[in-house]
Amino acid sequence: MKLRFAPSPTGFLHVGGARTAIFNLLHARRYGGTMLLRIEDTDVERSRQRHAEQIVSSLQWLGIGWDEGPIYQSDRLDRYRVRARELVDTGKAYRCYCTVEELEAERAEAERAGKQWHYSGRCRNLTASPDDPHVIRFAVPAGVIEFHDLIRGDVQFEGELIDDFVLLRSDGNPTYHLSVVVDDIDMEITHVARGDDHLSNTPKHVVLFRAFGAPVPSFAHLPLILGSDKKRLSKRTGATSAEEYREMGIVPEALFNFLTLLGWSPGENREIFTRDDSAHWFDLAGVNKAPAVFDPEKLLWMNGQYLMRMSADEIYPHLAPFLGEPPHRLDDVRAMIELHKMRARTLRELAEQLATYFADDDAIAYDPETVKKHLKGENLAPRLRALHDALAATEPFEITTSEAALRRLGEAEGVSAAKLIHPLRLALTGKGASPPIFDVAVVLGKERALKRLRRLIERLPELTSSGV
RNA sequence: GGCGCAUUCGUCUAGGGGUCCAGGACGCCGCCCUCUCACGGCGGUAACACGGGUUCAAAUCCCGUAUGCGCUACCA
């Protein structure tokens, strides 16, 4: 068994393409088959080497591996020409001398007349010099073309309704139809899983396989991934490339898991699972028929689940690029990550939360809402000074000891611990919400925590006076 | 227009004739936990597109309708 992912390098790796690659990989892994990566760059106008590299890099990032390739179709142009000529020699394809301009004019006229245009097939029985400019068209046989699809079941098309399509362009380059079939034969592909948008191309490929006398592979047409507008996912409705999600701070394992669940389910209410798990359960025949809407909210949730379950050491390599300059060492951020990983849905959010710890102690910005809410009451200044001294006297400075010190003070003063905790949080983080404040204090370190508390106390008059 | 494919909560889905007045997840809304936030726990909201058949029985099978999407290139 052999499967392949065959993107054309005309842009970044689309999430739909990523899912196609995943499904191919999973099916191959499930049945001990091999996976091939093939770059379909026969369209010289639109293909770019940098896109091919970008796609390869996105696949690697996502953890989508392959056993063979990447093979570039542009390296095999001669092979396609040879195969096309074979079909001409056996009368299964023919030279067509119609120019693009002529056909374009015909098409325009048909449209004006409100009619459906079809290629007439008029060059089928023509004999002209092979030296004149021409394309090679396949002579599509009449009759029903039937094939089996692992996902849809039996599908059939009427051969009469399919135009004689071009195999070789006038510049000698193959079209997709030729190169894909020639390659799938040469590379002994047994299962072709690709987007649903190819379903109506498949009868063309089936007749080509037959014309070459090659076995027809099994097909699986994957339902499309839709945007919230229920149309094919496009930039209008959200991020479309794997790269964008990477930049957003999605970890590859989460995106892989999420994409796997779009159009497929392992059953038994399982949602979070590893690549190995899914490779164990997956089967193309179990893929849904209906298209699926990409829900970014659920991706975010799932990414949060992954962050939560990963260790700080696992998160760090992914997080580092988001932390900015100067670089932070793992040992310096491990405790912070541990404290915040269940509070962030993306690496970006996580990095933003950690910024508090890297901030200058004299530059904490106090959230006005929180100031209004928690900096009030009688004797606030003296009480906070007492808190400062109590914490200063705490040795060793740990979560339990600092909390005990604060609670003792609260009792002595006859106020609830909350009356001290909220201002302390504001002092240490500038915000109204944070991880448990004694954890924050310990991560910050005694010196810096006290410094931040002193700064708040100093600025108390201006913060509380005008109410501004 | 032609051809093709599809249709279960807003979204992802389970389900393949009786166990389904339809299960799980995201989101949303309550409550609990609690120093806040998050996590977690508990509960709630919400769906078989429509119409005909077949059958003792249909979300599940058949037909039609509607709607949506895809393709209809010397793009893939």
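Heavy-atom basis, side chains included; hydrogens, waters and symmetry copies ignored. Residue numbering restarts at 1 for every chain, and letters A, B, ... go by the order of the sequence lines. Just so it is clear, the model here is predicted, and its values are computed rather than measured.
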N/O to N/O distances under 3.5 Å, protein versus nucleotides 69-71 of chain B:
{"unit_1": "B/C69", "atom_1": "OP1", "unit_2": "A/Lys231", "atom_2": "NZ", "d": "2.6"}
{"unit_1": "B/G70", "atom_1": "O3'", "unit_2": "A/Arg232", "atom_2": "NH1", "d": "3.4"}
{"unit_1": "B/C71", "atom_1": "OP1", "unit_2": "A/Arg232", "atom_2": "NH1", "d": "3.0"}
{"unit_1": "B/C71", "atom_1": "O4'", "unit_2": "A/Ser200", "atom_2": "OG", "d": "3.4"}
{"unit_1": "B/C71", "atom_1": "O2'", "unit_2": "A/Ser200", "atom_2": "OG", "d": "3.1"}

Base, sugar-phosphate, or nothing: which does [X] touch, judged by heavy atoms less than 4.0 Å apart?
X: A/Val100; result: base
X: A/Glu268; result: nothing
X: A/Thr175; result: sugar-phosphate
X: A/Arg270; result: nothing
X: A/Gly263; result: sugar-phosphate
X: A/Glu297; result: sugar-phosphate

Worksheet entry | Basic-acidic side-chain contact under 4.0 Å: A/Lys298, A/Glu271 |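 Result for this pair is yes, salt bridge flagged.
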Worksheet item: Do NZ/NE/NH1/NH2 and the carboxylate oxygens of A/Glu86 and A/Arg83 come within less than 4.0 Å?
Response: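 Here A/Glu86 pairs with A/Arg83 in a salt bridge, since their nearest N and O are under 4.0 Å apart.
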Discussion item. If the condition is side chain to side chain donor-acceptor pair (under 3.5 Å), which residues does A/Asp75 pass it with, not counting sequence neighbours?
Written reply: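 Applying side chain to side chain donor-acceptor pair (under 3.5 Å) to A/Asp75 gives none.
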Practice prompt. Check RNA chain B against residues 38-45 of chain A and give the residues with a non-hydrogen atom under 4.0 Å, in numerical order.
Written response: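 RNA chain B contact set from residues 38-45 of chain A: A/Glu40, A/Thr42, A/Asp43.
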Worksheet entry | A/Trp281 six-ring face occupied by A/Arg270 cation (under 6.0 Å, within 45°) |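 Geometry flag: set, cation within 6.0 Å and 45°.
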Item to complete: Using the ring of A/Tyr72 (Phe, Tyr or Trp, six-membered ring only), decide whether A/Arg38 places NZ or CZ under 6.0 Å from its centre and within 45 degrees of its axis.
Response: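 Because its charged atom misses either the 6.0 Å distance or the 45° angle limit, A/Arg38 does not stack over A/Tyr72.
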Practice prompt. Spell out protein contact along nucleotides 36-42 of chain B as letters: B when the base is contacted, S when just the sugar-phosphate is, - when no protein heavy atom is under 4.0 Å; keep the 5' to 3' order.
Written response: BBBSS--
Discussion item. Holding to ring-ring contact (aromatic ring centres under 6.0 Å, His included), I want the full list of residues that pass it with A/His51, two or more places apart in sequence or in another chain.
Written reply: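 By the ring-ring contact (aromatic ring centres under 6.0 Å, His included) rule, A/His51 matches no residue at all.
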Worksheet item: Of all residues at least two apart in sequence or in a different chain, which pass the side-chain contact (heavy atoms from CB on, under 4.5 Å) check with A/Ser311?
Response: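 For A/Ser311 the side-chain contact (heavy atoms from CB on, under 4.5 Å) partners, ignoring immediate neighbours, are A/Asp313, A/Glu314.
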Fill in: Toward the 5' end of RNA chain B, by each residue's nearest nucleotide, A/Val155 or A/Glu271
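Upstream on the strand: A/Val155.
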Fill in: Among B/C35, B/A76, B/C3, the nucleotide that comes nearest once only the side chain of A/Leu161 is considered
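So the side chain of A/Leu161 is nearest to B/C3.
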Worksheet item: Hey, is the side chain of A/Asn173 poking within less than 4.0 Å of OP1 or OP2 on B/C74, counting only N and O atoms?
Response: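 Looking at the OP1 and OP2 atoms of B/C74, neither is under 4.0 Å from any side-chain N or O of A/Asn173.
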